[in-house]
Amino acid sequence: MRVTRFAPSPTGYLHIGGLRTALYSYLWAKKANGKFLLRIEDTDQKRNSREAAEAIEEAFRWCGFEHDGEVIYQSKRFDIYKKYIQQLLDEGKAYYCYMTLEELDEMRKAQQAKGERPRYDGRYRDFCGEAPEGVEPVVRIKAPTSGVIEFVDGIKGEMKFNVEDMLDDFIIARSDGTPTYNFVVAIDDALMGLTDVIRGDDHLSNTPKQIVVYEALGFEIPKFYHVPMILNPSGKKLSKRDGAMDVMEYKRMGYFPEALLNFLVRLGWSYGDQEIFTLKEMIELFDPSDINKAPSAYNPEKLLWINAYYMKTLPYERIIEALKDLGFELSDHPKRELLIDALRERAKTLVEFIEMANKIIHKPESYDPKAVDKFINEESKALLAEYLKSLKAHGEIGDAESFEAFIKSFLDSHGVKLKILAQPLRISMVGSSVSPSIYDTMEIIGYGELVERIEKFLKHIA
RNA sequence: GGCCCGUUCGUCUAGCGGUUAGGACUCCGGCCUCUCACGCCGGCAACAGGGGUUCGAGUCCCCUACGGGUCACCA
């Protein structure tokens, strides 16, 4: 059974880079009917991991994917880690080191001054003398001192690290007894039964260390996939300044999770020329070995385009639901489907959709002066008044087609072109010179409301 | 600095020794048209540089340049 995981450190929110690796892990697990686990790496204990986990789960829910099983908190597993530290100590695979922070610092400086790589010199590796007074020791693992550590990365290929210029006896337990990252990651990944570890390639050079732990503990080494990171639009490291880092910010900006996921899955991965993927297709087609080796830049225009695509193609119910998530209730509007069809080709985001919809649903509060200036003159004013008169004389009209037929015959009998009447009508209805088709707009607002809006506008320009 | 990773249009990418180097986003034209969009048609635009290997290199090898990651009692 394939088991993958997402293992963020609690930063308070989920960012798009994290979401992408989570997505990759999720897809890869689901493809094999395996498990996708969530673990919070909170050995640091400085931040509130509960809150962070909730933020991540909220983002997961929004995106429509759930992890299997309970969330695992490393902060609650210190007993387990302690047991393994003791085991390594007992087996002579780890040892206490009594160097102080100052000594360590001094040693590093000296090494750097000589142009050497800063590293622990192993002075307590085989120490059996009297422990120095007043020093709480750390625990270091006995790493190999020569040779190479090799593994095959599912994305980068064959990896070879020279032990001499890569490793030293790194710390697995701090002087306060708490375990360190590279140690607990290996233990948890093993204990949780991970078969495939998909993570950011900033972890690539941690992998040899973790392999040392796997081997010391006799655990089976999983398959690693190191995903290149996401860059900002100018090709630099992505930072908070580059816009919305919090995934939930995309919800607030009016993006569909379908669109964000689709955008993210294509960032660094592709399947031929295909641009649009349903979640089902992603699960079917995704393979981490097809992920590109090079980092890729985040491209907001493309995301917007994908979102617009989903706006145009998603079923009514889904759009209504997404609007509701943003606090916009459309489900009881009698003309909701026509309204959606009228706006879905114009709005690129749900936020834009709501703005446009509000312009149609509510009477204009004001009229764009530029539009009035440009399209209203004595002729068009008279024509609009004339149109209102015949509209009232005609009585109730229901659908867009009938509104169109009525206008056609009105124009014919007055010998004028639609162009002269269309914009004044539009301004009457929505207060500006931009809107969906005037006929659709008429049907959506309805006959009575139409009459009222024209009257109101006529009064305004009188 | 050591080690490691990477480099095809501005961006996301296809390509897995023989292609007029394909698609998508953006941008620019045109068509459609009641405005704005959508849609459709068309256009601009790339193999980082240099050496090899080969009949033939975007594809294989080496070097250089540039970009990135990592070297903690952070994760």
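The chains referred to below are lettered A, B, ... by the order of the sequence lines, with proteins before strands, and numbering in each begins at 1.
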### Query
To the side chain of A/T180, which of B/A75, B/C71, B/C4 is closest?
B/A75
### Residue A/S437, side-chain atoms from C-beta onward, closest of B/C4, B/U70, B/U35
B/U35
### Query
A/M159 or A/K237: which one's nearest nucleotide on RNA chain B is closer to the 5' end?
A/M159
### Query
Taking atom P in both B/G51 and B/C73, what distance in whole Å separates the two?
47 Å
### Task
Write down the distance separating the P atoms in B/C40 and B/A24, rounded off to the nearest Å.
10 Å
### Message
Closest-nucleotide mapping onto RNA chain B: is A/S270 or A/E158 further toward the 5' terminus? I mean the 5' end.
### Response
A/E158
### Query
Roughly, in whole Å, what's the span from CE in A/M166 to C1' in B/U70?
7 Å
### Task
In whole angstrom, give the distance that lies between atom CE of A/M442 and atom P of B/U35.
14 Å
### Message
Does this structure show an ion pair linking A/K302 with A/E275, if we count only N-O contacts that are shorter than 4.0 Å?
### Response
yes
### Message
From C-beta outward on A/E345, which listed nucleotide comes closest to its side chain: B/A75, B/U13, B/A37?
### Response
B/A37
### Task
For this output row, return yes or no: ring centroids of A/F183 and A/F170 closer than 6.0 angstrom.
no
### Task
Find the distance A/L238:CG to B/G68:P and express it as a whole number of Å.
14 Å
### Query
Would you say the side-chain atoms of A/H394 and A/Y447 include a donor-acceptor pair closer than 3.5 Å?
no
### Message
What's the gap between B/G42 and B/C25 when it is taken at their P atoms, as a whole Å value?
### Response
14 Å
### Message
Between A/R5 and A/D189, does any NZ, NE, NH1 or NH2 come within less than 4.0 Å of an OD or OE carboxylate oxygen?
### Response
yes
